[in-house]
Participant: 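What follows is a single structure, and I will ask about it in a moment.
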Number of protein chains: 2
Amino acid sequence: MLAKAWPLYALHDPHPQARVCQQCEVRRTALFGVLDAASLDRIHAHIDAPQLAADQPVYRRGESAAAVYTVRSGIVRFERVTEGGVRRIVRLAGQGELIGQEALLNRPYADEAVTCTPVQLCRIPRTLVDELGQAESVLLRELMSRWQQALERAEAWVADLATGAARRRMLKLIEQLCRYPDAADLIWLPRREEMGAMLDITVETGSRIVSQLRREGVLELLPPRQARVDPVRLAEALRAQESA
Amino acid sequence: MLAKAWPLYALHDPHPQARVCQQCEVRRTALFGVLDAASLDRIHAHIDAPQLAADQPVYRRGESAAAVYTVRSGIVRFERVTEGGVRRIVRLAGQGELIGQEALLNRPYADEAVTCTPVQLCRIPRTLVDELGQAESVLLRELMSRWQQALERAEAWVADLATGAARRRMLKLIEQLCRYPDAADLIWLPRREEMGAMLDITVETGSRIVSQLRREGVLELLPPRQARVDPVRLAEALRAQESA
DNA sequence: CGAGCCGTTGAGGGGATTCAAGCTCAGTGG
DNA sequence: CCACTGAGCTTGAATCCCCTCAACGGCTCG
């Protein structure tokens with residue numbers, strides 16, 4: 001089985017972590033996926049693969065940034081607190097996305113990064129990327145690609161989740177969450193207070209809209225914090241909302 | 001004057017565009033500011049410095065991206081249109097910022113980029129950065145820094161301009177615009193319809209709030225599309241708003 | 001079993017939208 | 001010169017959506 005799954009050059013005494021990375025289900029889409037097995041083997045000594053439960057901080061705003069992370073599974077949110085003390089979620093990141101890129105620029109983290117679900121990460125020390133970056137220009141290209149992806153998502157957040165009526169924003173949020181399905185094709189459904197921080201609405205308004213969508217058959221609630229979505233009715237509801 | 005302002009090596013028959021870049025007021029802060037004069041001279045042949053009037057497109061969403069731009073002066077906005085046909089401004093860029101980074105990844109532009117004021121740009125063909133990137137790792141670092149800056153701004157947009165009551169968002173917008181003052185220390189004041197697209201409010205609401213701020217002495221209107229801000233009263237108004 | 005968190009639902013009020021009218025100002029042509 | 005026009009801005013009145021305040025039920029956990 002080992003000989004069947006791995007190319008020959010990887011058979012020669014790989015570092016233990018190398019096995020994990022080789023088998024990592026997101027390797028195709030993750031940052032280091034672009035590196036060959038030799039480079040991979042060279043770096044695993046320094047890579048850690050932490051796992052966190054839901055609602056745990058990955059890093060905090062202002063912390064000096066020692067590492068970037070790849071999300072292997074689960075969902076991470078980015079939070080900010082306005083001067084008035086209002087907490088606002090400004091972006092989500094899911095499988096394959098790079099978070100904490102500020103580390104590569106020797107800057108403190110810009111947001112609070114908190115897990116939404118149980119999360120598997122791949123922790124990559126800042127210095128490691130610097131070293132590899134010198135040699136591997138393909139890695140740098142991949143890095144820039146991640147940066148652009150994050151920027152793209154942040155802008156889409158404004159257009160989708162911060163525009164229009166509360167019901168529209170909620171439907172857009174559910175649409176977004178469908179991009180991160182779990183094994184049983186269920187989605188993670190935030191608690192009402194988190195919905196509020198994402199859409200800038202109150203928990204009561206959030207609750208009312210969710211209940212309404214449940215009655216309309218768009219959403220089937222599976223507490224705690226899970227739901228099944230009817231894609232057809234969701235699309236229908238979105239169309240009706242946009243044309244209204 | 002020439003000998004006094006320029007280092008010796010730059011005196012030796014520089015490319016015409018090299019003179020422009022050497023004198024460029026944003027060279028310290030712009031992308032190519034990190035390059036030495038020799039590298040600068042090597043590339044000017046390909047660099048164009050277009051000037052645009054207000055409300056002119058720089059590029060359009062979906063266009064294949066042939067170049068990135070540095071903003072030398074003026075303000076550029078990024079627009080998106082939701083599926084329902086609502087136009088939303090998702091970010092601004094001012095002096096020294098890099099726009100159209102998608103070009104470096106061979107992707108189509110993600111937004112409509114439109115000038116808010118008269119704008120001076122520095123147009124940098126995609127291929128040029130690729131070439132230089134091979135040799136100059138300091139350039140790549142600077143590039144990543146720009147990307148992070150853009151991401152930072154996009155997230156701040158959500159937290160500042162898409163959160164809370166309309167009056168708070170307007171005050172935050174004015175605070176933002178104070179970061180791009182003109183020669184006479186006046187700010188560019190968007191027309192009401194543009195404010196609407198930035199803050200997701202109607203022109204009427206925008207007008208009411210601006211009028212109110214004018215009566216309170218926070219803002220002095222200098223049509224067309226300019227204003228003087230009283231920084232003390234602005235800060236005061238913001239404090240009162242946040243604590244409310 | 002009481003405490004606390006989370007979610008839901010109702011009633012009332014306030015802020016933003018909608019609809020409508022009038023204003024200023026620059027450009028145009030009689 | 002001045003009426004005419006249209007775009008942008010302002011203001012008012014009515015409506016509606018969302019927030020606020022409040023009460024209640026389900027659930028977990030000490």
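No experiment lies behind these values; they were computed from the predicted model shown.
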Participant: Any side-chain donor paired with an acceptor under 3.5 Å for A:Thr163 and B:Arg88?
Facilitator: yes
Participant: Counting any heavy atom closer than 4.0 Å, what does A:Arg169 reach on the DNA or RNA strands: base, sugar-phosphate only, or nothing?
Facilitator: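 Nothing: the residue A:Arg169, judged by heavy atoms under 4.0 Å, touches no strand.
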Participant: Quick one: B:Ile209 CD1 to D:dT10 P, roughly how many Å, whole number?
Facilitator: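 Rounding to the nearest Å, CD1 of B:Ile209 and P of D:dT10 are 12 Å apart.
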Participant: Looking at the base of C:dC19, is there any donor atom on it, or on the side chain of B:Glu204, that sits under 3.5 Å from an acceptor on the other one?
Facilitator: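 Answer yes: a donor N or O sits under 3.5 Å from an acceptor.
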Participant: Heavy atoms from C-beta onward define the side chain here; which of C:dT9, C:dA16, C:dG7 lies closest to that of B:Ala165?
Facilitator: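 So the nucleotide nearest the side chain must be C:dA16.
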Participant: Hey, could you give me the CG/CZ distance between A:Leu92 and A:Arg77, rounded to the nearest 0.5 Å?
Facilitator: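 These two atoms lie 9.0 Å from each other.
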Participant: Just to confirm, is there a sub-4.0 Å distance from OP1 or OP2 of D:dC17 to any side-chain nitrogen or oxygen of A:Arg168?
Facilitator: no
Participant: Tell me the interatomic distance from A:Leu189, atom CG, to C:dT8, atom C1', rounded to whole angstroms.
Facilitator: 14 Å
Participant: Indicate, with a heavy-atom threshold strictly under 4.0 Å, whether A:Leu221 touches base, sugar-phosphate, or nothing.
Facilitator: sugar-phosphate
Participant: First locate atom CG of A:Asp160, then atom NZ of A:Lys172, and finally report the distance between them rounded to the nearest 0.5 Å.
Facilitator: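 One finds 4.5 Å between CG of A:Asp160 and NZ of A:Lys172.
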Participant: Looking only at the side chain of A:Ala166 (C-beta and beyond, no hydrogens), which of the listed nucleotides D:dC9, C:dC19, D:dC18 gets closest?
Facilitator: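 Comparing D:dC9, C:dC19, D:dC18 against the side chain of A:Ala166, the answer is D:dC18.
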Participant: Would you say the side-chain atoms of A:Gln148 and B:Trp147 include a donor-acceptor pair closer than 3.5 Å?
Facilitator: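 A pair is found: one side chain offers a donor N or O, the other an acceptor, under 3.5 Å apart.
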Participant: In whole Å, I'd like the distance from the CZ atom of B:Arg191 to the P atom of C:dC25.
Facilitator: 17 Å
Participant: Could you give the CD-to-P distance, from B:Glu193 to D:dC9, as a whole number of Å?
Facilitator: 9 Å
Participant: OP1 or OP2 of C:dT17 sitting under 4.0 Å from any side-chain N/O of B:Thr202?
Facilitator: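 True: B:Thr202 side-chain N/O within range (under 4.0 Å) of C:dT17 OP1/OP2.
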Participant: Starting at CE of A:Met195 and ending at C1' of D:dC18, how long is that distance when rounded to a whole Å?
Facilitator: 17 Å
Participant: Taking atom C1' of D:dC17 as reference, at what distance in whole Å does atom CD of A:Gln241 sit?
Facilitator: 12 Å
Participant: Can you figure out which of C:dC6, C:dT8, C:dA16 approaches the side chain of A:Ser211 most closely?
Facilitator: C:dT8
Participant: Using whole Å, what does the distance between atom P of nucleotide D:dC16 and atom CZ of A:Arg208 come to?
Facilitator: 18 Å
Participant: Please determine if A:Arg91 forms a cation-pi arrangement with A:Phe78, meaning its NZ or CZ atom is less than 6.0 Å from the six-membered ring centre and no more than 45° off the ring axis.
Facilitator: yes
Participant: Quick one: B:Asp200 CG to D:dC18 C1', roughly how many Å, whole number?
Facilitator: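 Those two atoms, CG and C1', are 14 Å apart.
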Participant: Is the phosphate of C:dG7, meaning OP1 or OP2, less than 4.0 Å from a side-chain N or O of A:Arg225?
Facilitator: yes
Participant: Quick one: label A:Arg215 by what it contacts on the DNA or RNA (base, sugar-phosphate, nothing), any heavy atom closer than 4.0 Å.
Facilitator: sugar-phosphate
Participant: Reckon B:Ser207 has a side-chain N or O less than 4.0 Å from the OP1 or OP2 of D:dT10?
Facilitator: yes
